[in-house]
2 protein chains.
Amino acid sequence: MPTGGATTYTGPVEDYLKAIYELERSTGSAATTDIAHRLEIAPASVTGMIRRLADQRLLDYEPYRGVRLTETGLRVALRTIRRHRVIETFLVRVLGYSWDEVHAEAERLEHAVSDALVDRMAAALDEPTVDPHGAPIPTREGTVDEAHYASVEELAPGERARVVRVSDEDPARLRYLGSLGLTPGVTVMVAARAPFDGPITLRIGSGRRATQQVVGPSLAHSLLVERLRTPHRPPHRPPHRPPQRPPHGPPLGPPG
Amino acid sequence: MPTGGATTYTGPVEDYLKAIYELERSTGSAATTDIAHRLEIAPASVTGMIRRLADQRLLDYEPYRGVRLTETGLRVALRTIRRHRVIETFLVRVLGYSWDEVHAEAERLEHAVSDALVDRMAAALDEPTVDPHGAPIPTREGTVDEAHYASVEELAPGERARVVRVSDEDPARLRYLGSLGLTPGVTVMVAARAPFDGPITLRIGSGRRATQQVVGPSLAHSLLVERLRTPHRPPHRPPHRPPQRPPHGPPLGPPG
DNA sequence: AAATATAATTAGCCAAGCCTAAAATTCTAC
DNA sequence: GTAGAATTTTAGGCTTGGCTAATTATATTT
């Protein structure tokens, strides 16, 4: 049963819940040190906050055994993420911000806007489903389409793919990617890969306007893509592995 | 010498400075109890905060003798007020908010927006000079045009004036005034006044579309106006008293 | 299995902002 | 000028959300 309430949370509380949500989603679980690292807060402080969040029923917590978002905690996390991404989209589309400027601004505003304002912004934007980096925007109702995409890092030479999301917040990196034309929607093809985590040569765009650029594994990791049928010369594709991961794998260790 | 700095202040600090600015402006000084009343905070807590603000050189303070904004404090206060009013204007003009909804939202956002965002909003609005209630918007450089207006309460029967500002934040009162057509820009004429702080009958608008409404002294006090030359039949104007009250006279009451 | 390394928690501290109750100061009236 | 009223400050306490240093629990080696 939802509190039905207009309960309001502090900025730090929302930040923790967001971080824990992202960690659960991407690595399956949220360890104290992970949270600490992500929020740039000392681990001891994280333990303290975890206790407070657990007291408020936003987390399930057993000392030394990790945390898990409760239903309420998940709802608050997704609401905060919705705010963040709607704000980012609004700043870019209505106020002409570039995609590298919006994160810092949204990070502060997400704790100050009302739900009514977020809804008005979303309406003005015609209910966007992704933010300027391609990240999905949770709905008002708290659902989100968290598809799992491959990164360019995982593509084999010759594979073609469309960039669907750029999973990075760093302004400098975003500016650089933007200058290479590596933004959501663009088509890329892996022209070459150097071994041992070496640089990846990408053909960016299609047809006559395509360019060729080299990116390191770190940037490649941020580029999430959807594979496209490779038109000709499928060079070297492995046998066809079964679905890489379950849609929402079990956040924690093996059932045993 | 300005700190030149991107110094950032907490929400409470900005709220105190705003309150002190408004009190200094409207009553000439800011007493502890006035601040406490305006912010709905216990006087003892206000003393505590005043000490902190003085430590930060935002106020000049001598115990038991009152406070005064320093140059820095004034700058921060005006910056916060600019943020507030630009946000209000943006919400109304871009997102279709009504003038009664914006205060609460701006009250939170003013502490979260960057100066860059405020400037972008102001640019998108073509550098507005007043907010939706007619309040002047301080410039980026920290200057404001704080003209002193009479209120409808001070108008004599027969006097015509233009509403320039509605000095109220309460949503219910603003909605009511809006429903009567009493918004900035509108012309009013005092058709009648009941004695002993009684209701004031106003002719609102001009020509064929004018309506007649009765407002109490409290609402009348919120309606700030600019007197207009009264066209004809100056009905009953007393001999021409010298300026009714000093620009910021004692609130009311018979001169005796 | 014991030793060590890593991770997490506890202990004790701090500042910001709030509170109430009590004391001090200033103002107002007589 | 002094008593009483009003204002302001001090004293002492609380919560939130940080910190470091020390301790405890869990994992990893050997």
Side-chain angles (χ1 to χ4, degrees), chain A residues 7-20 23-24 27-68 73 76-77 80 107-108 110-112 251-254 256, chain B residues 7-20 23-24 27-68 73 76 80 107-108 110-112 250 253:
Chain A
T7 329
T8 181
Y9 300 94
T10 64
V13 164
E14 290 179 341
D15 285 338
Y16 273 82
L17 295 175
K18 244 187 0 168
I20 293 166
L23 287 168
E24 281 188 4
T27 74
S29 68
T32 300
T33 28
D34 296 341
I35 300 168
H37 188 256
R38 182 176 269 254
L39 296 176
E40 298 187 271
I41 283 171
S45 306
V46 171
T47 299
M49 180 61 115
I50 282 174
R51 219 176 42 66
R52 258 172 270 134
L53 295 174
D55 289 348
Q56 288 177 69
R57 303 292 170 154
L58 295 167
L59 297 180
D60 288 330
Y61 171 55
E62 270 188 285
Y64 292 103
R65 307 220 23 215
V67 299
R68 162 149 294 183
V76 176
T80 307
E107 201 62 25
R108 277 176 285 107
E110 67 187 4
H111 309 302
L252 268 185
Chain B
T7 328
T8 181
Y9 300 93
T10 64
V13 164
E14 290 178 342
D15 285 337
Y16 273 81
L17 295 175
K18 245 190 353 171
I20 292 166
L23 287 167
E24 280 188 4
T27 74
S29 68
T32 301
T33 30
D34 296 341
I35 300 168
H37 188 256
R38 183 176 265 253
L39 297 176
E40 298 186 89
I41 283 171
S45 306
V46 171
T47 299
M49 180 61 114
I50 282 174
R51 222 178 37 69
R52 258 172 270 133
L53 295 174
D55 288 348
Q56 289 176 68
R57 305 291 171 151
L58 295 167
L59 298 180
D60 287 331
Y61 171 55
E62 270 189 285
Y64 292 103
R65 307 218 26 212
V67 300
R68 163 143 293 182
V76 175
T80 307
E107 201 62 26
R108 278 174 284 105
E110 67 188 8
H111 308 301

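Chain A is the first sequence line, chain B the second, and so forth, proteins listed ahead of strands; every chain is numbered from 1.
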Would you say the side chain of A:Y9 lies within less than 4.5 Å of the side chain of A:T80, judging by non-hydrogen atoms? no
B:V76 side chain reached by B:V13 side chain, heavy atoms, under 4.5 Å: no
With a 6.0 Å cut-off (strictly less than), is the heavy-atom count around CZ of B:R68, excluding the residue itself, greater than 12? no
Tell me whether the side-chain N/O atoms of A:T33 come closer than 4.0 Å to OP1 or OP2 in C:dT6. no
So does B:Y64 get a side-chain nitrogen or oxygen closer than 4.0 Å to the phosphate oxygens (OP1/OP2) of D:dA6? no
DNA chain D: 5'-proximal contact among B:E62 and A:I41 (nearest heavy atom): B:E62
Find the distance [X]:[atom1] to [N]:[atom2] and express it as a whole number of Å.
X	N	atom1	atom2	result
B:E40	C:dC19	CD	P	10 Å
B:Y61	C:dT25	OH	C1'	11 Å
A:H111	D:dT16	NE2	P	18 Å
A:L53	D:dT15	CG	P	17 Å
A:I35	C:dA7	CD1	C1'	13 Å
B:I50	D:dT9	CD1	C1'	10 Å
A:M49	D:dT16	CE	C1'	8 Å
A:E14	D:dT16	CD	C1'	15 Å

When we call it a touch if two heavy atoms are under 4.0 Å apart, what does [X] touch: a base, just sugar-phosphate, or nothing?
X	answer
A:T32	sugar-phosphate
B:S45	base
A:R52	base

Nucleotide of [options] approaching [X] most closely (side-chain heavy atoms):
X	options	answer
B:A42	D:dT20, D:dG17, C:dT20	C:dT20
B:T47	D:dC19, C:dA8, D:dT10	D:dT10
A:Y16	C:dG17, D:dT9, D:dG18	D:dG18
A:V13	D:dG17, C:dA8, C:dT20	D:dG17

Less than 4.0 angstrom from a charged side-chain N to a carboxylate O is my criterion; do B:D34 and B:R38 meet it? no
Please report the interatomic distance OH(B:Y61) to OG1(B:T47), rounded to the nearest 0.5 Å. 5.5 Å
